[in-house]
Amino acid sequence: MQNTKARVNIYALLSRILLQELDENMLDTIKKDENILDFLPTLKNWEPFKELQNNKLLEEYFNPDFVNLSLLHLIPYETFYTREDQKIETGGANPVTDIYSAYDFMVDFEAARTISADHIGVELEFMHHLAEAELKAIENNDKDAIKNLREVQKEFLNKHLLQWAPMYLINVKYEARTPLYYDTADMALEFILSDNEYLSKELSA
């Protein structure tokens with residue numbers, strides 16, 4: 001159960017950072033949580049992070065970097081990487097739409113400010129949604145549901161996130177101007193690969 005709780009928290013953190021700009025509350029949470037900072041070592045030791053007020057960090061460093069990485073220079077959508085014409089599929093033909101519907105996952109486009117359901121932050125949020133469902137199944141000792149949810153998570157990683165997110169995250173590491181996004185991309189890349197291995201082991205046990 002501890003593993004699943006940790007996975008729920010990690011997917012939530014990665015999704016939040018990669019989906020939209022940070023606000024002061026989220027930045028404050030990161031600053032005060034040693035567990036989070038251990039995942040973001042470059043950020044933890046970065047002088048401006050330790051010295052500057054949150055609003056200054058957001059306005060001068062983090063938010064411009066987010067815009068650069070998510071809106072201007074890089075494209076955080078699966079279909080851009082997987083379609084030959086590199087067009088983002090914004091309609092019902094998007095490859096993730098059916099699986100989201102099957103597991104009662106609704107994308108709030110207005111809140112997320114994304115144009116398509118296959119944004120990296122939304123796909124990570126869906127993994128968080130599935131891991132939370134798995135946690136409930138563990139609490140209820142529902143072995144069939146646990147197995148089913150792990151299979152769905154593994155399938156989603158392999159058919160979707162692992163098909164394109166590593167390319168995007170490597171580009172983020174290369175383009176990032178702040179340690180926040182460099183570390184987050186590094187962490188996300190490592191985590192989705194290790195989580196796939198973890199799910200494989202759990203399913204073969």
Side-chain angles (χ1 to χ4, degrees), residues 1-19 39 70 74-109 111-112 114-172 184-205:
M1 190 185 282
Q2 284 305 111
N3 269 341
T4 307
K5 277 184 181 167
R7 293 175 61 245
V8 165
N9 292 336
I10 292 170
Y11 275 120
L13 175 68
L14 293 173
S15 167
R16 174 62 190 86
I17 295 174
L18 292 171
L19 191 56
F39 285 118
S70 297
L74 301 177
I75 299 179
Y77 294 95
E78 177 181 336
T79 39
F80 174 78
Y81 288 86
T82 55
R83 278 173 58 135
E84 281 186 21
D85 60 7
Q86 291 193 317
K87 283 187 176 165
I88 299 162
E89 175 55 69
T90 57
N94 194 285
V96 294
T97 309
D98 289 346
I99 191 165
Y100 287 176
S101 301
Y103 288 88
D104 298 323
F105 180 70
M106 297 287 292
V107 182
D108 186 340
F109 287 103
T114 60
I115 58 168
S116 173
D118 61 349
H119 186 286
I120 189 166
V122 178
E123 292 196 0
L124 290 165
E125 193 181 332
F126 180 60
M127 286 296 293
H128 168 255
H129 174 77
L130 293 173
E132 268 196 323
E134 182 196 328
L135 190 58
K136 284 198 183 89
I138 292 169
E139 285 164 358
N140 297 328
N141 200 28
D142 185 341
K143 292 190 168 60
D144 288 343
I146 295 165
K147 184 170 185 288
N148 172 259
L149 285 158
R150 284 176 178 164
E151 282 169 350
V152 175
Q153 289 171 77
K154 187 172 187 314
E155 184 182 356
F156 188 77
L157 277 173
N158 283 279
K159 282 193 174 171
H160 297 284
L161 275 162
L162 290 171
Q163 292 297 319
W164 72 280
M167 285 179 282
Y168 172 70
L169 293 166
I170 287 164
N171 287 334
V172 170
T184 300
D186 195 46
M187 175 190 174
L189 185 58
E190 204 170 296
F191 179 67
I192 58 174
L193 293 167
S194 66
D195 199 42
N196 187 46
E197 277 181 32
Y198 164 77
L199 288 165
S200 299
K201 278 182 193 161
E202 290 298 303
L203 285 165
S204 63

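Just so you know, residue 1 is the first one in the sequence shown, and it goes up from there.
Counting only heavy atoms from C-beta outward, the side chains of Leu130 and Phe105 never approach each other to under 4.5 Å. Val152 is not listed as a side-chain neighbour of Arg150, based on a closest heavy-atom distance of 4.5 Å or more. The shortest side-chain heavy-atom distance between Val96 and Phe126 does not fall under the 4.5 Å cut-off. The shortest distance between side-chain heavy atoms of Leu199 and Arg7 falls below 4.5 Å. The shortest distance between side-chain heavy atoms of Ser116 and Glu89 does not fall below 4.5 Å. Contact annotation: the side chain of Pro76 never approaches that of Leu18 to less than 4.5 Å [non-hydrogen atoms, C-beta and beyond]. Counting heavy atoms from C-beta outward, Glu78 and Gln163 have side chains that stay 4.5 Å or more apart.
Panel note: side chain Ser15, backbone Leu124; no donor-acceptor pair is recorded below 3.5 Å. Without hydrogens or angle criteria, Asn140 side chain to Asp142 main chain gives no donor-acceptor distance under 3.5 Å. In this structure a side-chain-to-backbone donor-acceptor pair under 3.5 Å is missing from Asn148 to Asp144.
Ring-plane geometry between Tyr77 and His119 is classed as perpendicular, the angle between the planes exceeding 60 degrees on a 0 to 90 degree scale with a lower cut at 30.
Sparse packing is recorded around CZ of Phe39, with 12 or fewer heavy atoms of other residues, nucleotides or ligands lying under 6.0 Å away. Heavy-atom neighbours of Met1 CE from other residues, nucleotides or ligands within 6.0 Å: above the threshold of 12.
Under the side chain to side chain contact (heavy atoms under 4.5 Å, CB included) test applied with His160, the options Glu155, Glu123, Met127 reduce to a single match, Glu123. Just one of Leu189, Asp186, Leu74 meets the side chain to side chain contact (heavy atoms under 4.5 Å, CB included) condition when paired with Leu169; it is Leu189.
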Please lay out, stage by stage, how Ile120 and Trp164 fare under the test side chain to side chain contact (heavy atoms under 4.5 Å, CB included).
CA-CA 9 Å; Ile120 189 166; Trp164 72 280; 3.4 Å; yes

Determine, step by step, whether Asp118 and Val122 satisfy the side chain to side chain contact (heavy atoms under 4.5 Å, CB included) criterion, reporting the C-alpha distance in whole Å, the side-chain angles of both residues, the deciding distance to 0.1 Å, and the verdict.
CA-CA 6 Å; Asp118 61 349; Val122 178; over 6 Å; no

Please evaluate residues Glu134 and Ile138 with respect to the criterion side chain to side chain contact (heavy atoms under 4.5 Å, CB included), reporting the C-alpha separation (whole Å), side-chain torsions for both, the decisive distance (0.1 Å), and the verdict.
CA-CA 6 Å; Glu134 182 196 328; Ile138 292 169; 3.8 Å; yes

Checking side chain to side chain contact (heavy atoms under 4.5 Å, CB included) for the pair Leu203/Lys201: CA distance, chi angles, key distance, verdict?
CA-CA 5 Å; Leu203 285 165; Lys201 278 182 193 161; over 6 Å; no

Are Lys136 and Glu132 close enough, and set up right, to give a salt bridge (Lys or Arg N to Asp or Glu O under 4.0 Å), and what steps lead you there?
CA-CA 6 Å; Lys136 284 198 183 89; Glu132 268 196 323; 5.4 Å; no

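Atom-to-atom distance recorded for Met187:CE and Ile192:CD1 is 12.0 Å, nearest 0.5 angstrom. Between atom CD of residue Glu151 and atom CD of residue Gln153 there is a gap of 10.5 Å, rounded to the nearest 0.5 Å. For the atom pair CD of Glu202 and OG1 of Thr4, the computed distance is 7.5 Å after rounding to the nearest 0.5 Å. In this structure, CD in Glu139 is found 11.0 Å from CG in Asn141, a value given to the nearest 0.5 Å. Annotation: the span from Thr79 atom OG1 to Asn94 atom CG amounts to 5.0 Å, rounded to 0.5 Å.
The list of ring-ring contact (aromatic ring centres under 6.0 Å, His included) pairs with a residue in residues 186-205, not counting sequence neighbours, reads Tyr11-Phe191. Residue pairs meeting the salt bridge (Lys or Arg N to Asp or Glu O under 4.0 Å) criterion with at least one member in residues 95-106, sequence neighbours excluded, do not occur.
Across every non-hydrogen atom of Tyr168 and Ile75, the tightest pair is CD1-O, 3.7 Å. When all heavy atoms of Leu149 and Ala137 are compared, the closest pair comes out as CD1-CB, 4.3 Å.
Legend: residues meeting salt bridge (charged side-chain N to carboxylate O under 4.0 Å, His left out) with Glu190, ordered by chain and number and at least two apart, are absent.
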